[in-house]
Amino acid sequence: MFGVIKNSLFGPVEGWPCQVLSRGEKEELTYEERTCEGGKFAAVEVTGKQFDEASKEAVLKLLKYVGGTNDKGLGMGMTAPVSITAFPGEDGSFQQKVKVSLRIPSQYQADPPRPGDESIQIEEREGMTIYSTQFGGYAKEEDYVNHAAKLRSALGSEASYHKDFYLCNGYDPPMKPYWRRNEVWFVKE
């Protein structure tokens, strides 16, 4: 079923349908294995900019799209998380390329409005199984890189997941100062 995140400043926000398969704790890090539904997503790719700047630029475009800058003029409402696909380099820092995406709300999945901004693509994605860890605060590149390293260490060499990218997820609007939720997701192979 679709989860509703009730701590939003803007009313209920539809959550990405995921189900916890297992929980683990290792080296003072709590993590989960989840299965998440596929569906249609609005996505923006930004290259040539640092992670934090590129993410902000793409998120603003997506907010305009779900706010009504689309062919139907529909304010669709937010979904969470905002998911940023990051591509780590050899040293663990991010390459200057991100893809920021939002899952289209369930009532618009069958026929999502076309974006008014050509840089926004509507993508159909398969469901996936992920390894996830959560942390608070206003997340920046350094926070995601550090928590990804902790998750990688906790999972060890036995877990099989994509190493060429991972998802950096934020669940809260920027004006929410406390009890913020951020996650790193490794997509299982």
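Computed from heavy atoms alone, side chains included, the values below leave out hydrogens, waters and symmetry copies. The first residue of the sequence shown is numbered 1, and numbering continues consecutively from there.
For E25 and R23, the salt-bridge test fails: no basic side-chain N is under 4.0 Å from an acidic carboxylate O. Note on K40 versus E123: no salt bridge recorded, every NZ/NE/NH1/NH2 to OD/OE distance being 4.0 Å or above. Comment: K72 engages D111 in a salt bridge, judged by a side-chain N to carboxylate O separation of less than 4.0 angstrom. Between E118 and K61 there is no salt bridge, since none of the side-chain N atoms of the basic residue sits less than 4.0 Å from a carboxylate O of the acidic one.
Between atom OG of residue S106 and atom CD of residue E37 there is a gap of 9.5 Å, rounded to the nearest 0.5 Å. Atom CG in L29 sits 3.5 Å away from atom OG1 in T133 (nearest 0.5 Å). Atoms OG and CD, from S93 and E142 in turn, are 11.5 Å apart once rounded to the nearest 0.5 Å. For the atom pair F87 CZ and T47 OG1, the distance stands at 11.0 Å (nearest 0.5 Å). In this structure, the separation between CZ on F94 and OG1 on T85 is 10.5 Å, given to the nearest 0.5 Å. Here the straight-line distance linking atom CH2 of W185 with atom CD1 of I84 works out to 12.5 Å at 0.5 Å rounding.
The two residues N169 and Y144 have their closest heavy-atom pair at O-OH, 3.4 Å. What you find for M76 and P105 is that their closest heavy atoms are O-CG, 3.7 Å. Across all their heavy atoms, E32 and V20 have their closest contact at OE1-CG2, 3.6 Å. Across every non-hydrogen atom of I122 and P112, the tightest pair is CG2-CG, 4.0 Å. Scanning both residues, V100 and L62, for their nearest heavy atoms gives O-CD1, 3.5 Å. Across all non-hydrogen atoms, the minimal contact from M78 to L102 is CE-CD2, 3.8 Å.
Inter-residue side-chain proximity for V184 and L167 is flagged as unmet; no heavy-atom pair is nearer than 4.5 Å. Proximity of K97 to V46: side-chain heavy atoms (C-beta onward) are nowhere separated by under 4.5 Å.
S55 places a side-chain N or O within donor-acceptor distance of the main-chain N or O of F51, the cut-off being under 3.5 Å. Within the 3.5 Å criterion, the main-chain N or O of D143 finds no donor-acceptor partner in the side chain of N146. Judged by distance alone, the side chain of K150 and the main-chain N or O of S153 form no donor-acceptor pair under 3.5 Å. Although no hydrogens or angles enter the test, the distance criterion places a donor-acceptor pair under 3.5 Å between the side chain of D71 and the main chain of R114. Under the 3.5 Å distance criterion, the side-chain polar atoms of D52 are matched with a main-chain donor or acceptor of E141. Panel note: side chain N70, backbone L74; a donor-acceptor pair is recorded below 3.5 Å.
Checked against the 6.0 Å centroid threshold, F186 and Y166 count as a close aromatic pair.
At least one cation-pi condition fails for K188 and Y161: the charged atom is not both under 6.0 angstrom from the six-membered ring centre and inside a 45 degree cone around its axis. Because its NZ or CZ atom is both nearer than 6.0 Å to the ring centre of Y138 and within 45° of the ring axis, R180 counts as a cation-pi partner of that residue.
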*Could you go step by step and tell me if K64 and D117 meet the side-chain contact (heavy atoms from CB on, under 4.5 Å) rule?*
CA-CA 9 Å; K64 288 178 184 177; D117 182 333; over 6 Å; no
_Assess the residue pair E183 and H147 against the criterion (side-chain contact (heavy atoms from CB on, under 4.5 Å)); give the C-alpha distance rounded to whole Å, side-chain angles, the decisive distance to 0.1 Å, and a yes or no._
CA-CA 8 Å; E183 294 180 341; H147 283 85; over 6 Å; no
*Start with the C-alpha gap between R125 and S101, add the side-chain angles, then the distance that decides, and say whether side chain to side chain donor-acceptor pair (under 3.5 Å) holds.*
CA-CA 11 Å; R125 297 188 185 170; S101 56; 3.2 Å; yes
*Please assess L21 against T129 for the test side-chain contact (heavy atoms from CB on, under 4.5 Å), listing each intermediate value before the final yes or no.*
CA-CA 9 Å; L21 301 175; T129 301; 4.0 Å; yes
*Just do the side-chain contact (heavy atoms from CB on, under 4.5 Å) check on E45 and Q121 with the steps written out, would you?*
CA-CA 9 Å; E45 190 170 298; Q121 301 299 311; over 6 Å; no
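Applying the 6.0 Å contact sphere to CD of Q96 captures more than 12 heavy atoms from other residues, nucleotides or ligands. Shown here is E28, whose CD atom has no more than 12 heavy atoms of other residues, nucleotides or ligands within 6.0 Å.
A donor and an acceptor atom, one from each side chain of Q19 and T35, are nowhere located under 3.5 Å apart. A donor-acceptor pair shorter than 3.5 Å cannot be found between the side chains of Q134 and Y31. R34 and S132 share a side-chain donor-acceptor pair at under 3.5 Å.
The ring pair (Phe, Tyr, Trp, His ring centres under 6.0 Å) check on F41 picks up W16, with sequence neighbours excluded.
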